[in-house]
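I have placed the structure first, in the form of structure tokens, so that the comments after it can refer back to it.
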Amino acid sequence: MQLGIVGLPFSGKTTLFQTVTKTHLDPAASGKTDAHLGIAKVPDERLDRCSALFHPKSTVNATIEFVDVAGLKKGASGTTQFTTSFLSAVKTNDALIQVVRLFANDAVPHPDGSIDPLRDVATFETEFILGDMTVLEARIEKIHKQIGRPNDEPLKKELPVLEKCLALLQAEKPLRNEALSPEELQILKTYQLLSIKPMLIALSLDESQQPVMEEEVGRIAAAKAGLGTRVAAFFGKIDMEMSELSGDDARVFMAEYGILESALDTLIREAYALLGLQSFLTVGEDECRAWTIRAGMTAQEAAGVIHTDFIKNFIRAEVVHYDDFIAAGGSFAKAKEAGHWRLEGKGYIVKDGDILNIRHS
Ligand SMILES: Nc1nc2c(ncn2[C@@H]2O[C@H](COP(=O)(O)OP(=O)(O)OP(=O)(O)O)[C@@H](O)[C@H]2O)c(=O)[nH]1
Ligand SMILES: [Mg+2]
């Protein structure tokens with residue numbers, strides 16, 4: 001899973017990237033064109049609790065990859081230019097986090113001269129929509145030339161899908177907010193469209209702006225939220241300071257500033273919701289581990305995430321939900337007595353927080 005962090009120059013992308021991946025980048029690298037890649041651990045209280053119960057040799061969190069996508073340039077006229085290197089870097093991301101600046105900082109002026117989150121969101125939207133329209137128009141034109149030749153059946157299927165999407169884009173609707181069918185998505189996949197990528201709009205606030213946080217998030221959500229678009233906020237600078245503290249110190253720090261949730265927690269929660277992701281656990285004295293899967297995956301598919309061989313060697317899954325396990329005092333035997341331990345077949349739909357033990361041959 002790879003999330004691309006995008007946004008206008010000086011919006012706070014690298015600050016957020018460093019916060020979530022707990023890396024340090026040379027400040028002199030700010031604005032350079034190479035993208036940074038980092039891994040973030042998915043915070044998981046359930047995993048922590050299991051780990052405290054089992055004292056395993058290792059505890060492994062699920063991970064998500066973040067890319068600090070560079071390459072947006074300030075043009076001669078002061079406007080932002082979406083370079084081809086930027087657009088092609090974004091194409092490979094599973095979802096995008098668009099950092100939108102709300103903080104004021106005279107030392108780093110906003111490239112468009114003023115703070116206006118909705119304008120910045122629109123700048124990206126327009127660019128993505130225009131990019132997708134160019135791709136679709138070119139393809140539609142080509143298909144029109146080829147229809148009527150032998151073996152044009154797939155093209156005849158493809159054309160109405162592309163035309164429908166083009167019409168949506170012409171109406172300034174990003175494709176990520178449309179309920180497209182699996183068949184339509186399959187057809188569109190080849191074109192690596194940009195407006196189809198799930199997007200989290202992440203407002204970067206100064207700590208002094210906490211009183212307006214809810215209102216600002218609400219305002220942007222009212223205008224932009226949709227099927228594939230969510231809106232959240234984080235405190236760029238202090239979130240970064242906080243990410244460098246240990247668990248207890250961070251909690252004291254958060255209480256002091258009245259922060260309810262760290263940027264990483266917010267981002268991961270929102271990204272999971274946006275992408276329809278969830279976690280299951282495997283526990284034991286050797287290892288406690290959290291795994292990320294798409295909601296709706298079967299026990300057999302989930303087993304394949306642990307090890308590809310488990311797909312064909314799958315026999316059954318032993319399943320206890322984390323909540324039932326904890327309610328039974330962290331004991332599998334007691335959970336079993338209470339009727340919460342089950343043997344499930346390969347078609348079982350795994351639930352968020354299931355503890356699985358895969359029986360395989
Ligand atoms: N006051 C204030 N300044 C911030 C905040 N977040 C980031 N900054 C400052 O804004 C500047 C830009 O932040 P970056 O995180 O480098 O932004 P960026 O989007 O990566 O910028 P480029 O890569 O140059 O496009 C830096 O000088 C940060 O210290 C914040 O929450 N409050
Ligand atoms: Mg940067």
Side-chain angles (χ1 to χ4, degrees), residues 2-38 40 65-76 78-87 89-90 93 96-117 119-121 123-124 127 199-214 216-217 220 231-245 250 253-254 256-267:
Q2 193 180 77
L3 303 182
I5 301 178
V6 300
L8 295 178
F10 303 138
S11 53
K13 302 180 291 293
T14 304
T15 304
L16 180 64
F17 174 81
Q18 296 182 101
T19 304
V20 296
T21 58
K22 301 195 197 305
T23 51
H24 290 277
L25 298 172
D26 180 0
S30 170
K32 294 275 161 57
T33 46
D34 42 334
H36 305 287
L37 190 74
E65 227 172 270
F66 285 89
V67 195
D68 182 1
V69 188
L72 268 192
K73 291 228 173 60
K74 210 175 141 183
T79 54
T80 302
Q81 290 175 345
F82 286 71
T83 59
T84 17
S85 76
F86 168 80
L87 295 174
V90 167
N93 300 147
L96 300 175
I97 297 171
Q98 184 188 352
V99 179
V100 179
R101 173 169 168 178
L102 195 68
F103 66 84
N105 184 339
D106 293 337
V108 274
H110 188 293
D112 292 325
S114 62
I115 303 294
D116 183 347
R119 174 202 58 204
D120 294 351
V121 170
T123 301
F124 260 78
E127 213 50 50
M199 165 100 79
L200 174 64
I201 297 171
L203 267 186
S204 178
L205 276 71
D206 227 31
E207 58 270 29
S208 63
Q209 293 169 315
Q210 202 170 26
V212 297
M213 180 171 106
E214 231 172 278
E216 288 290 333
V217 168
I220 296 175
V231 186
F234 69 101
F235 300 98
K237 268 204 162 147
I238 50 172
D239 260 313
M240 183 155 103
E241 286 168 24
M242 197 168 67
S243 71
E244 288 159 7
L245 303 174
F253 191 93
M254 281 169 77
E256 201 172 303
Y257 281 97
I259 301 175
L260 297 176
E261 194 181 52
S262 73
L264 178 60
D265 285 339
T266 309
L267 246 54

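Atoms within a ligand are numbered from 1 in the order they appear, just like the ligands themselves. From a predicted model like this one, the values you see are computed outputs, not experimental measurements.
- Residue-ligand proximity, P9 to ligand 1, at heavy-atom distances under 4.0 Å covers atoms 25 (O).
- Atoms of ligand 1 found under 4.0 Å from any heavy atom of T14, numbered from 1 in the order shown, are 15 (O), 16 (O), 18 (P), 20 (O), 23 (O).
- Atom CD of Q98 and atom CG of L8 lie 7.0 Å apart (nearest 0.5 Å).
- For I238, the heavy-atom gap to ligand 1 stays at 4.0 angstrom or more.
- In this structure, A104 counts as a contact residue of ligand 1, since one of its heavy atoms falls inside 4.0 Å of the ligand.
- Between G12 and ligand 1, at least one N/O pair is under 3.5 Å apart.
- For ligand 1, the polar-atom distance check finds no N/O of F235 at less than 3.5 Å from any of the ligand's N/O atoms.
- Listed by number with element, the atoms of ligand 1 under 4.0 angstrom from any heavy atom of D206 are 1 (N), 2 (C), 30 (C), 31 (O), 32 (N).
- Distances shorter than 4.0 angstrom do not occur between any heavy atom of G7 and any atom of ligand 1.
- Across V6, L200, V67, I201, a single residue satisfies side chain to side chain contact (heavy atoms under 4.5 Å, CB included) together with L96, and that is V6.
- At distances below 3.5 Å, at least one donor-acceptor pair connects side-chain atoms of T123 with backbone N or O atoms of R119.
- With a 4.0 Å cut-off on non-hydrogen atoms, F103 touches ligand 1 through its side chain and not its backbone.
- Taking the six-membered ring where tryptophan is involved, the planes of F82 and F86 are perpendicular, since the angle between them exceeds 60° and thus also 30°.
- Every N/O-N/O distance between D68 and ligand 1 stays at or above 3.5 Å.
- Around atom 31 (O) of ligand 1, the closest heavy atom drawn from H36, Q209, E207, K237 belongs to K237.
- Heavy-atom proximity to G236, at under 4.0 Å, picks out these atoms of ligand 1: 31 (O).
- In summary, T15 places no N/O/S atom under 2.8 Å from the Mg ion (ligand 2), failing the contact criterion.
- Closest of all the heavy-atom pairs between G236 and T19 is O-OG1, 4.3 Å.
- Residue contacts with ligand 1, taken as heavy atom pairs separated by less than 4.0 Å, involve V108 solely via side-chain atoms from C-beta onward.
- Considering every non-hydrogen atom in both F103 and Q209, the closest pair reads CA-OE1, 3.5 Å.
- For K13 (side chain) and G7 (main-chain N/O), a donor-acceptor pair under 3.5 Å exists by modelled atom type.
- Using a distance-only test at 3.5 Å, with no hydrogens or angles considered, a donor-acceptor pair links the side chain of Q210 to the main chain of G258.
- When heavy-atom distances to ligand 1 are checked against a 4.0 Å cut-off, N105 comes that close only through its side chain, counted from C-beta outward.
- Rounding to the nearest 0.5 Å places CG of L37 at 6.0 Å from CD of Q2.
- In this structure, N105 contributes its side chain and A107 its backbone to a donor-acceptor pair below 3.5 Å.
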